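Reviewing the structure listed below.
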Amino acid sequence: MEAIFATKPASHSLLLTKLSPNPKHLFPPHQQSFHNIRHKPTRFRPVTAVFQNQHQQDAAAASNHTEDESYGEVKGIIGSRALEAATGMEYLIEWNDGHAPSWVPADFIAKDVVDEYETPWWTAAKKADESALKNLTKSDDGRDVDAVDADGRTALLFVAGLGSESCVKLLAEAGANLDHRDRSGGLAALHMAAGYVRPGVAKVLLDLGADPEVADDRGRTALDLAREILKVTPKGNPMQFGRRIGLEGVIRVLEGAVFEYAEVQEILERRGKGENLEYLVRWKDGGANEWVKAKFVAEDLVKDYEAGLEYAVAEAVLAKRVADEGTPEFLVKWADLEEPTWEPEENVDPELVKAFEGSNNQAQPSSNGPAVVFSNQDSPSL
């Protein structure tokens with residue numbers, strides 16, 4: 001076994017190291033293993049180390065460096081963690097010489113040592129092997145569930161793309177970051193579910209708390225990506241029929257997550273054009289008015305706004321009558337108006353109409369004019 005070359009947790013200020021010219025590979029691609037195999041204690045190769053302090057640096061021009069040789073034995077890797085911004089990995093090394101464990105960047109560790117620790121994890125992730133992943137997450141080996149590969153991808157991204165709902169749940173329960181973005185495009189697990197047409201995984205991720213608004217490096221959410229792919233997927237091609245159905249399913253799931261946050265009461269203003277078109281909306285739950293992309297606003301509200309229709313808050317239906325044209329009208333009590341007004345049925349909230357009709361007997365039109373049915377709660381003067 002080749003040695004790990006890194007600064008030991010000693011009192012020396014600098015340890016010059018040299019990588020092995022011929023690192024061994026414990027698990028060739030055709031002989032990958034899921035088992036945790038502890039490698040035997042490894043001895044450092046003898047290297048010349050230079051130990052110097054500031055005083056020696058000042059006198060370096062006049063004297064030779066103090067030289068020493070240092071040896072150390074590595075018992076194994078007992079933990080891992082991803083570096084900031086998913087730029088790489090570092091590992092917690094257990095030493096055989098009595099020193100406390102220390103963190104060492106992957107670049108300073110012999111490849112075979114890292115491969116022995118990491119190969120079972122990535123093999124399980126890239127096969128969506130639930131059993132192997134479960135064993136590894138419960139092995140108490142200090143493994144970071146958000147470990148990253150060379151492209152900054154985590155195991156969650158792989159199992160999401162493969163469509164394994166059970167593996168997604170397993171990794172989430174182990175603490176995986178649901179919104180982690182890789183370094184090869186800024187894709188998150190939801191993007192993988194959208195791109196590989198996995199509506200079931202998309203729903204699981206959202207149910208677990210994944211953010212549908214996370215954007216990739218091109219500013220696309222998972223919903224944007226799914227719509228983009230659907231747009232270029234041929235229609236009428238039997239070979240693409242299943243793909244289109246799957247994409248439409250992903251879009252419905254993601255749209256549901258985006259639109260369920262709040263219900264729009266009315267549109268107040270508009271700005272922008274094309275993809276940048278936005279509407280200033282008032283929320284029914286009383287939240288602060290907010291500019292929202294046009295694609296996230298219900299089409300009927302947009303049509304009403306563009307047609308110049310105004311909205312008001314109705315409190316109750318007070319009465320019903322049949323107009324001269326034979327169509328029903330309702331007397332509506334408004335929250336922001338003193339006097340109730342007669343409105344055609346299409347302008348009244350169906351729930352208010354249902355509540356009114358459920359608590360009042362219906363009258364039939366008389367020969368002397370339209371019949372009027374009043375609510376029990378109010379008796380307005382007409």
Side-chain angles (χ1 to χ4, degrees), residues 4 6 19 23 25-27 29 32-34 36 76-93 101-130 132-164 167-196 198 201 204-205 208-211 214-218 220-222 225:
I4 169 174
L19 291 175
H25 300 277
L26 297 182
F27 299 102
Q32 294 175 334
S33 171
F34 288 109
N36 286 318
I77 295 176
I78 58 174
S80 67
R81 65 187 182 192
L83 298 174
E84 187 175 356
T87 55
M89 294 290 296
E90 61 181 1
Y91 299 92
L92 185 61
I93 301 301
S102 57
W103 288 98
V104 179
D107 291 344
F108 296 100
I109 305 175
K111 187 176 183 299
D112 62 335
V113 177
V114 176
D115 285 349
E116 183 177 353
Y117 182 82
E118 291 287 19
T119 296
W121 177 255
W122 292 113
T123 300
K126 293 176 183 180
K127 291 183 177 180
D129 187 331
E130 182 184 1
L133 284 173
K134 185 175 183 179
N135 289 336
L136 287 166
T137 57
K138 294 182 178 298
S139 65
D140 195 28
D141 60 357
R143 187 180 304 275
D144 185 356
V145 71
D146 286 323
V148 296
D149 67 3
D151 294 313
R153 295 169 296 194
T154 64
L156 181 64
L157 270 68
F158 283 103
V159 300
L162 290 169
S164 176
C167 284
V168 167
K169 293 176 182 177
L170 173 66
L171 292 173
E173 291 172 358
N177 179 1
L178 301 179
D179 300 322
H180 171 83
R181 299 168 64 243
D182 69 19
R183 294 191 298 110
S184 59
L187 302 177
L190 272 176
H191 289 93
M192 301 298 286
Y196 284 98
R198 310 293 188 185
V201 168
V204 168
L205 285 166
L208 290 170
D211 184 359
V214 170
D216 64 12
D217 289 347
R218 294 171 56 186
R220 301 173 303 179
T221 64
L225 178 60

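Nothing fancy with the numbering, it's 1 onward along the sequence. For the numbers below, each heavy atom of this structure counts, side chains included, while hydrogens, waters and symmetry mates do not. These numbers were taken from a predicted model, which means no experiment stands behind them.
A salt bridge links R153 with D151; the closest basic N to acidic carboxylate O contact falls under 4.0 Å. Using a cutoff of 4.0 Å between basic side-chain nitrogens and carboxylate oxygens, D217 and R181 are scored as salt-bridged. In this structure, R143 pairs ionically with D141, as a charged nitrogen and a carboxylate oxygen lie closer than 4.0 Å.
Between N177 and T154, every side-chain heavy-atom pair lies at or beyond the 4.5 Å cut-off. Residues P101 and I78 are in side-chain contact: their nearest non-hydrogen atoms beyond the backbone lie under 4.5 Å apart. I109 is listed as a side-chain neighbour of I93, based on a closest heavy-atom distance under 4.5 Å. M192 places none of its side-chain heavy atoms less than 4.5 Å from the side chain of L156. By the 4.5 Å heavy-atom criterion applied to side chains, V104 and Y91 are not counted as neighbours. R81 is listed as a side-chain neighbour of W103, based on a closest heavy-atom distance under 4.5 Å.
Residue H191 holds its NE2 atom at 4.5 Å from CG of D216, rounded to the nearest 0.5 Å. The CG atom of L190 sits 8.5 Å away from atom CG of D211, with the distance rounded to the nearest 0.5 Å. To the nearest 0.5 angstrom, Y196 atom OH is 9.0 Å from F158 atom CZ. Rounding to the nearest 0.5 Å gives a distance of 10.5 Å between CG of D149 and CE of M89. In this structure, CZ on R198 lies 10.0 Å from OG on S164, to the nearest 0.5 angstrom.
Under the 3.5 Å distance criterion, the side-chain polar atoms of D144 are matched with a main-chain donor or acceptor of A82. One N or O on the side chain of T137 and one on the backbone of L133 form a donor-acceptor pair closer than 3.5 Å. For D182 (side chain) and L187 (main-chain N/O), a donor-acceptor pair under 3.5 Å exists by modelled atom type. Between the side chain of R220 and the backbone N or O of L225 there is no donor-acceptor pair closer than 3.5 Å.
Across all their heavy atoms, I77 and G79 have their closest contact at CG2-O, 3.4 Å. Between A193 and L205, the shortest heavy-atom distance links the atoms CB-CD1, 4.5 Å. Taking both residues in full, the closest heavy atoms of A222 and A194 are given as O-CB, 3.6 Å, listed atom of the first, atom of the second, then distance. Shortest non-hydrogen contact noted between L208 and A172 is CD1-CB, 3.6 Å.
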Could you go step by step and tell me if T221 and V214 meet the side chain to side chain contact (heavy atoms under 4.5 Å, CB included) rule? CA-CA 6 Å; T221 64; V214 170; over 6 Å; no

Verdict with reasoning, H180 to V148, per side chain to side chain contact (heavy atoms under 4.5 Å, CB included): CA-CA 10 Å; H180 171 83; V148 296; 4.0 Å; yes

inquiry  = If you apply the rule side chain to side chain contact (heavy atoms under 4.5 Å, CB included), what do you find for T123 with D129, and how did you get there?
reply    = CA-CA 8 Å; T123 300; D129 187 331; over 6 Å; no

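Residues satisfying the side-chain contact (heavy atoms from CB on, under 4.5 Å) criterion with V145, sequence neighbours excluded, are W121, L171, A174, A176.
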